[in-house]
Amino acid sequence: MVQLYNLHPFGSQQVVPCKLEPDRFCGGGRDALFVAAGCKVEAFAVAGQELCQPRCAFSTLGRVLRLAYSEAGISNEISQLESDDFVICQKPLELLGEKSEQSGLSVTLESTGLADEKRKYSHFQHLLYRRFAPDISSYVLSDDIKLHSLQLLPIYQTGSLTSDGKNLPQEKELLSLFCFFSLPHVGYLYMVVKSVELMSVYQYPEKSQQAVLTPQFLHVITSNNLQCFTVRCSAAAAREEDPYMDTTLKACPPVSMDVCALRIQLFIGLKAICHFKNHIILLTKAEPEAIPERRQSPKRLLSRKDTSVKIKIPPVAEAGWNLYIVNTISPMQLYKEMIDYSNTYKTVKTQSCIHLLSEAHLLVRAALMDASQLEPGEKAELLEAFKESCGHLGDCYSRLDSQHSHLTLPYYKMSGLSMAEVLARTDWTVEDGLQKYERGLIFYINHSLYENLDEELNEELAAKVVQMFYVAEPKQVPHILCSPSMKNINPLTAMSYLRKLDTSGFSSILVTLTKAAVALKMGDLDMHRNEMKSHSEMKLVCGFILEPRLLIQQRKGQIVPTELALHLKETQPGLLVASVLGLQKNNKIGIEEADSFFKVLCAKDEDTIPQLLVDFWEAQLVACLPDVVLQELFFKLTSQYIWRLSKRQPPDTTPLRTSEDLINACSHYGLIYPWVHVVISSDSLADKNYTEDLSKLQSLICGPSFDIASIIPFLEPLSEDTIAGLSVHVLCRTRLKEYEQCIDILLERCPEAVIPYANHELKEENRTLWWKKLLPELCQRIKCGGEKYQLYLSSLKETLSIVAVELELKDFMNVLPEDGTATFFLPYLLYCSRKKSLT
């Protein structure tokens, strides 16, 4: 049975001064009411609480059978024919959506009066087919299965308020479409937008005559009552409108929630009803006493012949009638009444309180659906009511230990209440010596403390929160204490609860790390060191992964390193880097977020790279991250190495890994080519940090994964005039297979490295460069003499030894210079001629 709350959705009423008994009536425009009687239509002005005033009247060509208003004008359906009712008794059937085409009904669209070019916009779509049959066992009359009040109700989203409170014009956007129809004792409401779905079934307490659906209510008339039922249209439309509905961010009462009757109001002789804005138009007619000539037998189903029961009416009796305008009260007024009514359930943990508050919430939500119909002040008041209703619902769900307790979170979020305000609404009284906290409140506080709300609880509330979780969910206590919102908790209070966890047998790495962090706040470094020493570094890293906020917190959107992180930077930087790397690998922190953390930790601005961040990048390479991140990481490291080499800028802290460590631990760092060492040894570099950065850069270039072409544009700061710059530039050109250019550079700048370079690089298909490039270049430079003559001469002898082995005698002689001294080349010629016999 439908629950009745006996609220007051109806306000004042007045009589419409019609001259003739109405047959049909409807509302339209801004404030117009049209009443048809026979062939005459009267128009009245309806404006708020003022009396209904006649405007005009006009006649039609025939008796008005149907009256409807559109922006183009009044539409009248007139006819002199009337058709008899008939009863079809078939098996009940419901077909939804496309399946309704299987009903066998044929529908043809007619375009009478429609311009040809507009006909293409007309189409037909099957939405719903439903067939009812009488329940023969109850011997109901044919009127008990007669359908009435078919109605399609669209809900639009229109208009938006600007900062100055004015409505912006906007085209209507259809959010949802609803279909309602009724039997005398039951009504059906369907949603028919993306799919056709039965939303609500209305069981009337007595036989209905007509019903009208609005976005907020379903109004039903019986012979003597005006009934007002709640609807779920706004709940369905909200889910169509907002993709975040039914998440931890937003909630809305379910479409499936039972409907209720808000009011059943006495009206004698109700005959017809229509709805217009905030008005209900009612036609009442008090019939004179009717005396049937014979009584209907209750033991058989009424046939068509039975419908001809004759009613005898005394000729002197006349029926009295009235057309009423009943004003519905404002959504805010009804909302306040519903909230007051809900207070009767406040001290009782029942679903009735949630149900009534949900009805109030949906009432306000429906009123806010169409902002274009609201004044700025009215909308602001409704928005406040919306937040208030969310707060009330949050209160209800927080006090219930049910499967819906999780709704506490989204409703409190939508209420705009701070965590402190929510806690102030909490009942902290102790029953039977035991404090009990329901699941809803625990769920809300837990999530709120995880979401970095930039709200710091005072010491008293923080103590209550930790006590709450110690009682309800002790495993969450370490996590709770790491929240930025708990910053103001007394460290002694926090430590006492952590020690209670130890004594109760709840021992974990997370408790240890939290105790170490609290010990720092207490200034007890000995306790801190003892806690940190109680587990291996690997376990400590795992602990930080379980609770990243031990190291990294966010306040007002900014990353803030914790006191523990600052302490580890000075005492255990390797553990700190390993822990942040663990957070990244487990998707607990993003790449940019990690970079920002180290910059803030080391008090560097955005353009300055601290060594600890370089250590972190190097650790990422060692950890073999996915290829998507790899080239970006190479760019970061090489840019930093090049910048420091070009500026001769030492790192601000001692690097955690040497180039040798990286080569041994990471495949991306390759063995540095032997000839590179020869180039570097030609210059004495006293600064160890300088040589380390250079070795790491050279090692990356020598590695298998590095994209050489990508670094070339960034080598400009590293001048080739320096030995370091020379080695890097030649390395890059070598990786790009520019061997001849590299030979020229080395012969000019570092001839002692030419032969080691050739031995390492000029192999296989490049071996011909020994005699095609290197040999003639050396001969030419020896002819020119100079201070490097001896180096060139030594290199020439090495080259001739290699060429003599590689070429046949004839080919060897062809590559020798024509003006060369025979005695110099003779030993190599003899070796070349004898090598066959020797082999």
Side-chain angles (χ1 to χ4, degrees), residues 569-570 573-574 576-577 580-581 591-592 594-622 629-666 668-673 676-677 679-703 705-733 735:
K569 177 177 78 80
E570 303 298 333
L576 181 60
V577 168
V580 178
L581 182 64
I591 295 174
E592 293 182 4
D595 288 1
S596 296
F597 166 74
F598 281 108
K599 290 179 181 179
V600 175
L601 180 73
C602 300
K604 302 295 182 183
D605 58 39
E606 194 63 30
D607 297 327
T608 305
I609 307 298
Q611 174 57 38
L612 205 58
L613 179 52
V614 177
D615 292 326
F616 176 66
W617 291 340
E618 292 172 349
Q620 286 180 293
L621 273 187
V622 173
V629 186
L630 199 57
Q631 294 303 323
E632 181 182 349
L633 207 50
F634 283 148
F635 171 74
K636 289 178 179 178
L637 282 168
T638 53
S639 297
Q640 185 61 17
Y641 294 149
I642 290 170
W643 182 82
R644 291 208 301 221
L645 287 169
S646 65
K647 302 291 184 181
R648 283 195 169 268
Q649 179 74 38
D652 56 332
T653 57
T654 303
L656 296 178
R657 285 184 171 92
T658 65
S659 58
E660 185 178 353
D661 294 333
L662 291 171
I663 291 170
N664 292 332
C666 179
H668 299 302
Y669 283 89
L671 283 171
I672 300 174
Y673 303 156
V676 176
H677 295 296
V679 174
I680 295 302
S681 65
S682 64
D683 187 22
S684 58
L685 299 172
D687 190 344
K688 181 183 177 182
N689 290 321
Y690 187 87
T691 58
E692 275 298 317
D693 281 341
L694 180 58
S695 295
K696 290 177 181 178
L697 178 59
Q698 292 167 343
S699 178
L700 271 183
I701 297 173
C702 294
S705 312
F706 195 73
D707 181 10
I708 301 299
S710 65
I711 194 181
I712 296 298
F714 302 97
L715 288 178
E716 186 177 349
L718 198 58
S719 172
E720 289 189 58
D721 294 339
T722 65
I723 293 299
L726 175 67
S727 67
V728 172
H729 281 276
V730 174
L731 255 179
C732 290
R733 290 191 178 102
R735 290 295 309 274

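Sequence positions, counted from 1, serve as the residue numbers for this chain.
The two residues A724 and I680 come nearest to each other via the heavy atoms CA-CD1, 4.5 Å. In this structure, S699 and I663 approach most closely via the heavy-atom pair OG-CG1, 3.3 Å. Contact record, C702 with L731: SG-CD2, 3.7 Å, taken as the closest heavy-atom pair. When all heavy atoms of H668 and L700 are compared, the closest pair comes out as O-CD2, 3.9 Å. Across every non-hydrogen atom of S727 and V679, the tightest pair is CB-CG1, 4.1 Å. Among all heavy-atom pairs drawn from C732 and I708, the shortest one is O-CG2, 3.7 Å.
In this structure, P651 and E692 have side chains that are not in contact, with every pair of non-hydrogen atoms separated by 4.5 Å or more. Looking at P573 and L656, their side chains come closer than 4.5 Å, going by heavy atoms from C-beta outward.
Note: R735 CZ to I701 CD1 = 8.5 Å, rounded to the nearest 0.5 Å. Considering CG of L662 and CD of E618, their distance stands at 5.0 Å, rounded to 0.5 Å. Between T653 atom OG1 and L612 atom CG the span is 6.0 Å, to the nearest 0.5 Å. Remark: Q620 CD to C666 SG distance equals 11.5 Å, nearest 0.5 Å. For the atom pair K647 NZ and L718 CG, the distance stands at 12.0 Å (nearest 0.5 Å).
Scanning for ring-ring contact (aromatic ring centres under 6.0 Å, His included) contacts around F598 gives F616, with sequence neighbours left out. Take R657 and apply the salt bridge (Lys or Arg N to Asp or Glu O under 4.0 Å) test, not counting sequence neighbours, and it matches no residue. A search for side chain to side chain donor-acceptor pair (under 3.5 Å) contacts involving T722 returns nothing, not counting sequence neighbours. Under the rule for a salt bridge (Lys or Arg N to Asp or Glu O under 4.0 Å), the partners of D595 that lie at least two apart in sequence or sit in another chain are K636. For T608, the side chain to side chain donor-acceptor pair (under 3.5 Å) test picks out D605, with sequence neighbours left out. Among residues two or more places apart in sequence or in another chain, the side chain to side chain donor-acceptor pair (under 3.5 Å) test is passed with Q611 by D615, R644. Annotation: side chain to side chain donor-acceptor pair (under 3.5 Å) contacts of S639 (sequence neighbours excluded): none. Every residue two or more places apart in sequence or in another chain that forms a side-chain contact (heavy atoms from CB on, under 4.5 Å) with P610 is listed here: K599, C602, K604, L613, D652.
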Could you check L601 against L576 for side chain to side chain contact (heavy atoms under 4.5 Å, CB included), going step by step and ending with a plain yes or no?
-> CA-CA 11 Å; L601 180 73; L576 181 60; 3.4 Å; yes
Dump the intermediate steps for side chain to side chain contact (heavy atoms under 4.5 Å, CB included) on L630 and S705, then the final yes or no.
-> CA-CA 9 Å; L630 199 57; S705 312; 4.2 Å; yes
Begin with the C-alpha distance, continue with both residues' side-chain angles, and end with the deciding distance and a verdict on side chain to side chain contact (heavy atoms under 4.5 Å, CB included) for Y669 and L637.
-> CA-CA 12 Å; Y669 283 89; L637 282 168; 3.6 Å; yes
Step by step, would you call V728 with L694 a side chain to side chain contact (heavy atoms under 4.5 Å, CB included)?
-> CA-CA 8 Å; V728 172; L694 180 58; 3.8 Å; yes
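With Q698 contributing its side chain and G670 its backbone, the two residues share no donor-acceptor pair below 3.5 Å. Side chain of S596 to backbone of E592: a donor-acceptor contact under 3.5 angstrom is found.
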Contacts under 3.5 angstrom, residues 710-717 side chains, donor-acceptor by atom type, not counting sequence neighbours:
{"residue": "S710", "atom": "OG", "partner": "D707", "partner atom": "O", "Å": "2.6"}

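Within the structure, salt bridge (charged side-chain N to carboxylate O under 4.0 Å, His left out) contacts touching residues 718-729 (residues at least two apart or in different chains) are E720-R733. Listed by first and then second residue, the ring pair (Phe, Tyr, Trp, His ring centres under 6.0 Å) pairs involving residues 636-657 amount to none (not counting sequence neighbours).
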